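Residue numbers begin at 1 in each chain, while the letters A, B, ... track the order of the sequences. As a basis for the values below, the full set of heavy atoms in this structure was taken, side chains included, without hydrogen atoms, waters or symmetry mates. Keep in mind that what you see is a predicted model, and the values were worked out from it rather than measured.
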There are 2 protein chains.
Amino acid sequence: MPVHPPRPTGPALNALRAFEAAARLGGFSKAAEELCVTSGAVAQQVKGLEDWAGADLFERQPQGVVLNDLGRQVLPLAERAFDQLAATVQEIRAVASPNRLHIAALPAVAQLWLSPRLPAIRRALPDLVISVTAMEQAPNLGRDPFDLTLFLGDPEDGQVVATDEILPVCAPDVAGRVMQVADLAQLPCLSDSSWSQDWAVWLQARAGAETPQLRGPVFSLYALAVQEAVNGAGVLMGHQCLIEQDLKAGRLVSPFPQAVPTGKALVLTARKPVRPPLARLIAALSESRL
Amino acid sequence: MPVHPPRPTGPALNALRAFEAAARLGGFSKAAEELCVTSGAVAQQVKGLEDWAGADLFERQPQGVVLNDLGRQVLPLAERAFDQLAATVQEIRAVASPNRLHIAALPAVAQLWLSPRLPAIRRALPDLVISVTAMEQAPNLGRDPFDLTLFLGDPEDGQVVATDEILPVCAPDVAGRVMQVADLAQLPCLSDSSWSQDWAVWLQARAGAETPQLRGPVFSLYALAVQEAVNGAGVLMGHQCLIEQDLKAGRLVSPFPQAVPTGKALVLTARKPVRPPLARLIAALSESRL
DNA sequence: GATTAGACTCAGTTTTACTGGGCCTAGAAT
DNA sequence: ATTCTAGGCCCAGTAAAACTGAGTCTAATC
């Protein structure tokens with residue numbers, strides 16, 4: 001008696017994932033960021049799930065969404081399910097290619113800290129295949145397929161590789177024109193768009209220093225700003241851990257050598273469980289020197 | 001320093017589901033059936049997952065696929081994840097509309113057993129919204145969005161609503177032509193395509209009876225065969241629990257009243273946990289009489 | 001009063017998933 | 001030995017999603 005056709009089906013898995021992310025992160029736009037889509041896409045997915053269920057999961061408010069009773073009730077279940085699913089995915093990855101490791105790092109860190117160290121590490125650990133992906137926000141190791149992250153952040157968040165200290169730097173032939181802090185007003189002061197506070201932090205920490213109005217070009221890539229500083233375009237607020245090699249090579253010098261700690265640090269976090277290949281990479285990174 | 005674009009992403013959730021189903025059920029075609037798609041679709045999904053992982057999960061053999069080491073290792077994880085996910089989905093359904101219940105039943109059971117009883121049940125439980133979907137294979141309550149199933153199967157599998165007993169039936173004016181078993185060879189013997197053994201089972205159980213060669217039209221829907229029998233088209237092997245109303249109304253009579261048990265039963269299974277609305281429906285079904 | 005953050009909607013597009021056919025292989029049935 | 005069958009593979013075409021991008025809306029903040 002073959003009669004199939006219209007069987008009711010479960011909701012789309014992607015819709016469930018969108019719900020879980022939105023609920024966990026507390027908003028469609030945050031979820032959209034984690035899922036690498038637009039917030040409109042998340043809104044549509046969640047709506048689809050709500051339509052399927054015949055009931056809302058969020059309360060819409062002008063300043064965002066908040067879980068309603070139903071949503072609050074199912075979130076823990078969904079979270080556990082997707083945690084489990086992510087663990088499965090990572091297990092597949094880890095077992096299928098145990099020597100393939102993937103690092104997520106801030107673009108500046110990837111280019112200025114990691115990149116100079118990688119050749120030696122690759123030589124020391126030739127059996128490992130190490131990939132690097134640069135991104136602004138630290139990924140969620142529970143969900144994204146990375147084994148290790150290197151970001152500037154709270155020292156509490158993981159293993160501290162270096163503390164973050166800043167000091168002005170410039171090309172040697174520019175240094176002659178910077179004798180005191182006030183001179184900075186006469187020179188282009190390079191800055192990075194996502195670290196726009198650097199100058200303010202440094203000026204404020206130099207207790208008693210007058211705070212001249214500074215101006216200069218803004219870069220969207222810190223490595224680009226460093227390059228421009230090397231080229232003599234002006235004075236850059238340098239993050240010590242990122243400009244080590246340029247200082248050492250003399251391409252950059254510091255007119256005011258007092259470094260100021262920002263309270264942040266270059267922090268390394270690793271996926272658990274830490275299997276041997278990953279442990280070896282962590283050790284190599286921790287011990288690496290320029 | 002906004003630099004996003006090419007982030008490695010996890011595998012497609014649908015691919016994971018296809019893998020899980022194929023691994024759990026031991027074949028792409030079985031998985032395809034559960035997922036209501038073609039086996040080619042499953043094959044493609046699994047291949048996509050294997051490509052993502054960079055390693056196979058199944059060993060391809062001409063008579064099917066079997067899990068390899070990697071697949072065997074991740075199956076338990078995937079199973080737990082999807083169990084959890086299914087539980088989440090069912091929770092959403094149950095909490096969003098607790099009075100909406102969905103029954104899955106064999107088409108014959110839906111039409112001939114359930115349908116006559118439903119009006120009274122709906123009257124007795126007016127707050128419940130009861131949907132019925134007919135299907136050949138009992139759904140997997142752990143995965144599909146049904147609350148209750150009614151199928152002919154092993155009595156051990158759930159709550160027995162009625163044992164399955166068969167006996168020949170026909171319209172009253174046909175009965176005069178059937179005095180002994182041998183007469184059956186002279187009449188069309190109706191049968192259902194998915195219960196083609198019925199006649200053989202009955203003939204064999206009538207110990208000592210000669211087994212005449214029977215012939216007659218085959219129907220793909222048991223309800224259709226019943227209707228034809230009522231119309232006087234021949235003799236049908238009747239399942240007692242499904243033709244009760246026609247016997248009672250005298251539309252059908254049995255020339256050989258010895259019913260033969262088939263060893264199967266009309267079995268009811270319910271989703272756990274059994275919440276009050278579902279419990280009420282089960283009670284109503286168990287107690288229902290024509 | 002302007003700006004901002006967050007979400008909604010909708011048309012258009014891209015991407016993905018699925019179908020339906022033909023093909024292949026090995027075991028089972030004849 | 002031949003069919004037959006079950007199970008999977010492959011491929012082109014298609015159907016269905018998911019996603020984008022731009023425009024709106026609202027309340028909160030500056």
Side-chain angles (χ1 to χ4, degrees), chain A residues 2 4-52 56-68 71 136-137 193-194 196, chain B residues 2 4-53 56-68 71 89 136-137 193-194 196:
Chain A
H4 274 222
R7 275 176 69 155
T9 81
L13 297 182
N14 289 336
L16 286 166
R17 175 165 54 183
F19 159 72
E20 191 268 348
R24 171 165 44 85
L25 302 171
F28 288 1
S29 17
K30 300 220 190 72
E33 205 176 314
E34 169 163 310
L35 300 173
C36 293
V37 296
T38 60
S39 63
V42 174
Q44 288 183 54
Q45 294 281 41
V46 171
K47 188 173 217 317
L49 180 58
E50 291 175 327
D51 286 350
W52 176 87
D56 283 359
L57 293 157
F58 291 95
E59 266 172 31
R60 267 64 172 188
Q61 295 178 346
Q63 67 281 21
V65 291
V66 293
L67 282 176
N68 65 12
E136 287 304 309
Q137 297 295 322
S193 55
S194 54
S196 46
Chain B
H4 276 220
R7 274 177 70 156
T9 80
L13 295 182
N14 289 336
L16 286 166
R17 175 165 53 181
F19 160 72
E20 192 267 348
R24 173 165 43 85
L25 302 172
F28 289 180
S29 17
K30 299 221 191 72
E33 205 176 314
E34 170 164 309
L35 300 173
C36 293
V37 297
T38 59
S39 63
V42 174
Q44 287 183 59
Q45 294 282 34
V46 171
K47 189 176 217 315
L49 180 58
E50 291 175 328
D51 286 350
W52 176 87
D56 282 359
L57 293 157
F58 290 95
E59 265 172 32
R60 267 64 172 189
Q61 295 179 343
Q63 67 281 22
V65 291
V66 292
L67 283 175
N68 65 12
V89 169
E136 287 304 309
Q137 296 295 322
S193 55
S194 52
S196 47

NA contact type, [X], heavy-atom cut-off 4.0 Å: base, sugar-phosphate, or nothing?
| X | result |
| --- | --- |
| B:A43 | sugar-phosphate |
| B:V65 | sugar-phosphate |
| B:S29 | sugar-phosphate |
| A:Q44 | base |

**OP:** Ignoring backbone atoms, test whether B:T38 places a side-chain nitrogen or oxygen under 4.0 Å from the OP1 or OP2 oxygen of C:dC18.
**Re:**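 Checking C:dC18 against B:T38, no side-chain N or O comes under 4.0 Å of OP1 or OP2.
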
Original post:
For C:dA7, does OP1 or OP2 lie under 4.0 Å from any side-chain N or O of A:S39?
Top reply: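 False: A:S39 side-chain N/O out of range (4.0 Å or more) of C:dA7 OP1/OP2.
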
[X] has an atom [atom1]; how far is it from atom [atom2] of [N], in whole Å?
| X | N | atom1 | atom2 | answer |
| --- | --- | --- | --- | --- |
| A:R60 | D:dA27 | CZ | C1' | 17 Å |
| B:L35 | C:dT19 | CG | P | 10 Å |
| B:K47 | C:dC18 | NZ | C1' | 17 Å |
| A:R17 | D:dC19 | CZ | C1' | 13 Å |
| A:F28 | C:dT9 | CZ | P | 10 Å |
| B:W52 | C:dT16 | CH2 | P | 15 Å |
| B:D56 | D:dG8 | CG | P | 15 Å |
| B:E59 | D:dG7 | CD | P | 18 Å |

Original post:
Out of A:L67, A:N14, A:V42, which one pairs with A:F19 under the side-chain contact (heavy atoms from CB on, under 4.5 Å) rule?
Top reply: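 Of the listed residues A:L67, A:N14, A:V42, the side-chain contact (heavy atoms from CB on, under 4.5 Å) partner of A:F19 is A:L67.
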
Original post:
A:E34 pairs by side-chain contact (heavy atoms from CB on, under 4.5 Å) with which of A:R17, A:R24, A:Q137?
Top reply: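 Of all the options given, the one that passes is A:R24.
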
Original post:
Between C:dA17, D:dA27, D:dC19, which nucleotide gets closest to the side-chain atoms of B:N14?
Top reply: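 Closest of the options to the side chain of B:N14: C:dA17.
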
Original post:
Can you find a donor-acceptor N/O pair under 3.5 angstrom joining the side chain of A:Q63 to the base of D:dT29?
Top reply: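 Between D:dT29 and A:Q63, which were checked side chain against base, a qualifying N/O pair under 3.5 Å is absent.
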
**OP:** Would you mind telling me which residue lines up with the more 5' stretch of DNA chain C, A:K30 or B:V37, judged by nearest nucleotide?
**Re:**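 This one resolves to A:K30.
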
**OP:** Starting at CG of A:N68, measure out to CD of A:E59 and round the result to the nearest 0.5 Å.
**Re:**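 Spacing of CG (A:N68) from CD (A:E59) equals 6.0 Å.
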
Original post:
How many angstroms lie between atom NZ of B:K47 and atom CZ of B:F28, to the nearest 0.5 angstrom?
Top reply: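 With rounding to 0.5 Å, NZ (B:K47) is 10.0 Å from CZ (B:F28).
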
Subject >> Side-chain touch B:V89/A:W52, heavy atoms, less than 4.5 angstrom >> reply: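 They are in contact (side-chain heavy atoms under 4.5 Å apart), so the answer is yes.
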
